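See below for the structure under consideration.
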Amino acid sequence: MTDYGHDLLFGSFITPSNAAPERVVALAQLSEQAGLDLVTFQDHPYQPSFLDTWTLLSWVAARTERIRLAPNVANLPLRPPAVLARSVASLDLLSGGRVELGLGSGAFWDAIEAMGGTRLTPGQGVDALSEAIDVIRALWDTGERSRVDLPGTHWSAVGAKRGPAPAHPVGIWVGAYKPRMLRLTGEKGDGWLPSLSYLGGAGDLDGANARIDDAAAGAGREPGAVRRLLNVGGQLTSRPTGSLLAGPPEQWVEELATLALEHGTSGFIVTGDDPTVLATVGQEIAPAVRELVAAERTTRGTTTGFPA
């Protein structure tokens, strides 16, 4: 049983289809209107049927006022970390501190290579991601007015000038599944952002959480410093179906509260482009989950020491 005590976040994971770009933006605006905290988009620059994710995030930031935004997750092999750091900081400044950074090591290597990226082995991908996190954080750190000096095997920043700093402490949420990536998440990440469909269930969440916790402790960090988020798919039906998140809103409430209180998840990002689901999650399910979790935490005496 694990509850890291974070405030709960609820978000949407919208397909960045270029066939109807106005609908993509409308779903993002609906996410805000429904009271969701976050809107996210997958990042596959080699996919010609998708809008460019960073351009889309910038457009959505200008068309919304409150909701936070993030790539889910940024494709590191095609987005050099020094440039990505400045893109993130710039959009965070322009949006009033509403940007978070989901970051992945890359997949679909044939397509990445076709777009000019460098093919990496899984082990190289982890090393490259580790170097990238260091580069991004160094460029954001303007406390010292010195230049960055980070030579690396995959990503270097030697003599680069620091800045700009983001408007708020941007979270780096790592898309991770395998042991080395989970260890890296615990050592350096601000959050863990997997998809439930790629996990085997709550048991996989618990095992991955344990790896992250061990790595965080080994790096001298509090395990609770790493927020646990989860991309979740689901279906609203009038009656329970026996499947996770496939049933009426009250079933969703119970199951999401269990994921928070028993398995440490504090960010729920709903996949799919169904406006009814997004509106119901934002207006009905999220408030009920927050209320249920808060009541149980009060009963248990759990403190919420980690803000949203």
Side-chain angles (χ1 to χ4, degrees), residues 13 16 38 40-48 50-58 68-92 99-141 148 150-158 160 162 164 166 169-195 198 208 212 215 226-227 229 231 267 269:
F13 190 4
L38 180 70
T40 73
F41 305 96
Q42 59 190 289
D43 183 30
H44 297 287
Y46 38 75
Q47 174 53 267
F50 284 174
L51 297 161
D52 172 71
T53 295
W54 206 260
T55 305
L56 175 60
L57 286 166
S58 300
R68 292 153 70 174
L69 313 107
N72 190 351
V73 291
N75 189 292
L76 180 62
L78 292 175
R79 298 196 185 275
V83 176
L84 182 60
R86 294 209 163 113
S87 298
V88 172
S90 297
L91 187 55
D92 198 52
V99 177
E100 309 296 344
L101 177 58
L103 193 58
S105 62
F108 306 106
W109 289 101
D110 288 346
I112 289 171
E113 204 169 35
M115 291 285 287
T118 301
R119 183 184 295 268
L120 301 176
T121 66
Q124 290 171 331
V126 178
D127 293 338
L129 181 56
S130 179
E131 291 178 0
I133 292 172
D134 292 342
V135 168
I136 291 168
R137 288 222 172 96
L139 288 170
W140 286 345
D141 180 6
V148 175
L150 286 175
T153 301
H154 304 282
W155 301 113
S156 297
V158 179
R162 297 176 187 266
V170 172
I172 297 179
W173 301 339
V174 182
Y177 296 93
K178 295 188 177 179
R180 280 196 64 199
M181 282 286 284
L182 293 169
R183 289 196 296 271
L184 174 62
T185 303
E187 292 164 358
K188 296 185 178 183
D190 299 305
W192 175 43
L193 179 54
S195 293
Y198 293 162
I212 293 169
V226 184
R227 177 187 278 282
L229 305 103
N231 295 316
I269 303 174

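Here the structure is a predicted model, which means the values were calculated and not measured.
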With rounding to the nearest 0.5 angstrom, report the CD to CG distance, Glu100 to Leu193.
11.0 Å

Nearest 0.5 Å, what's the CH2-CD1 distance between Trp173 and Ile269?
6.0 Å

Rounded to the nearest 0.5 Å, how far apart are CG of Leu51 and CG of Leu57?
10.5 Å

Search all heavy atoms of Asn75 against all heavy atoms of Pro45 and return the closest pair with its distance.
CB-CD, 3.8 Å

Identify the residue among Leu103, Val88, Asp141 that makes a side chain to side chain contact (heavy atoms under 4.5 Å, CB included) with Ile136.
Leu103

Residue pair Arg79, Asp43: steps toward the side chain to side chain contact (heavy atoms under 4.5 Å, CB included) verdict:
CA-CA 10 Å; Arg79 298 196 185 275; Asp43 183 30; 2.8 Å; yes

Any side-chain heavy atom of Leu101 within less than 4.5 Å of one from Leu84?
yes

Which value, rounded to the nearest 0.5 Å, describes the distance between Gln124 atom CD and Thr118 atom OG1?
9.5 Å

Could you grab the distance from atom OG of Ser130 to atom CZ of Arg183, nearest 0.5 Å is fine?
12.0 Å

Any donor-acceptor pair under 3.5 Å from Trp155 side chain to Pro80 backbone:
no

Does some side-chain heavy atom of Pro81 sit less than 4.5 Å from a side-chain heavy atom of Leu76?
yes

How about Trp109 and Pro77: do any of their side-chain heavy atoms sit closer than 4.5 Å?
yes

Return yes if some donor-acceptor pair links the side-chain N/O of Glu131 with the main-chain N/O of His154 below 3.5 Å, else return no.
yes

Could you check whether any side-chain heavy atom of Arg137 comes within less than 4.5 Å of a side-chain heavy atom of Leu150, counting everything from C-beta outward?
no

Considering all heavy atoms of both residues, which atom of Val226 and which atom of Gly189 are nearest to each other, and what is their separation?
CG2-O, 3.7 Å

Specify whether His44 and Phe108 have parallel, tilted or perpendicular ring planes, treating 30° as the upper limit for parallel and 60° as the lower limit for perpendicular.
perpendicular

State whether the side chain of Trp192 and the backbone N or O of Leu182 hold a donor-acceptor pair below 3.5 Å, judged by distance alone.
no

Determine yes or no for a side-chain-to-main-chain donor-acceptor pair under 3.5 angstrom, with Thr185 supplying the side chain and Met181 the backbone.
yes

Find the distance between CG (Asp134) and NZ (Lys188) and round it off to the nearest 0.5 Å.
3.5 Å

Specify the closest pair of heavy atoms between Pro194 and Leu229, including all atoms of both residues, with the distance to one decimal.
CD-O, 3.0 Å

Can you give me the closest heavy-atom contact between Ala157 and Val135, atom names plus distance?
CB-CG1, 4.0 Å

Would a 4.5 Å heavy-atom cut-off, applied to side chains only, mark Asp127 and Thr153 as touching?
no

Are side-chain heavy atoms of Gln47 and Pro16 found at a separation under 4.5 Å?
no

Which pair of non-hydrogen atoms, one from Ser195 and one from Asn231, has the smallest distance, and what is that distance?
OG-ND2, 3.1 Å

Side-chain (Arg162) to main-chain (Ala138) donor-acceptor, under 3.5 angstrom
yes

Might you confirm whether atom OH of Tyr177 has over 12 heavy atoms from other residues, nucleotides or ligands at distances under 6.0 Å?
yes

Hey, does Trp54 have a side-chain heavy atom less than 4.5 Å from the side chain of Leu91?
yes

List the atom of Ala107, the atom of Tyr46, and the distance in Å for their closest heavy-atom pair.
O-OH, 3.9 Å

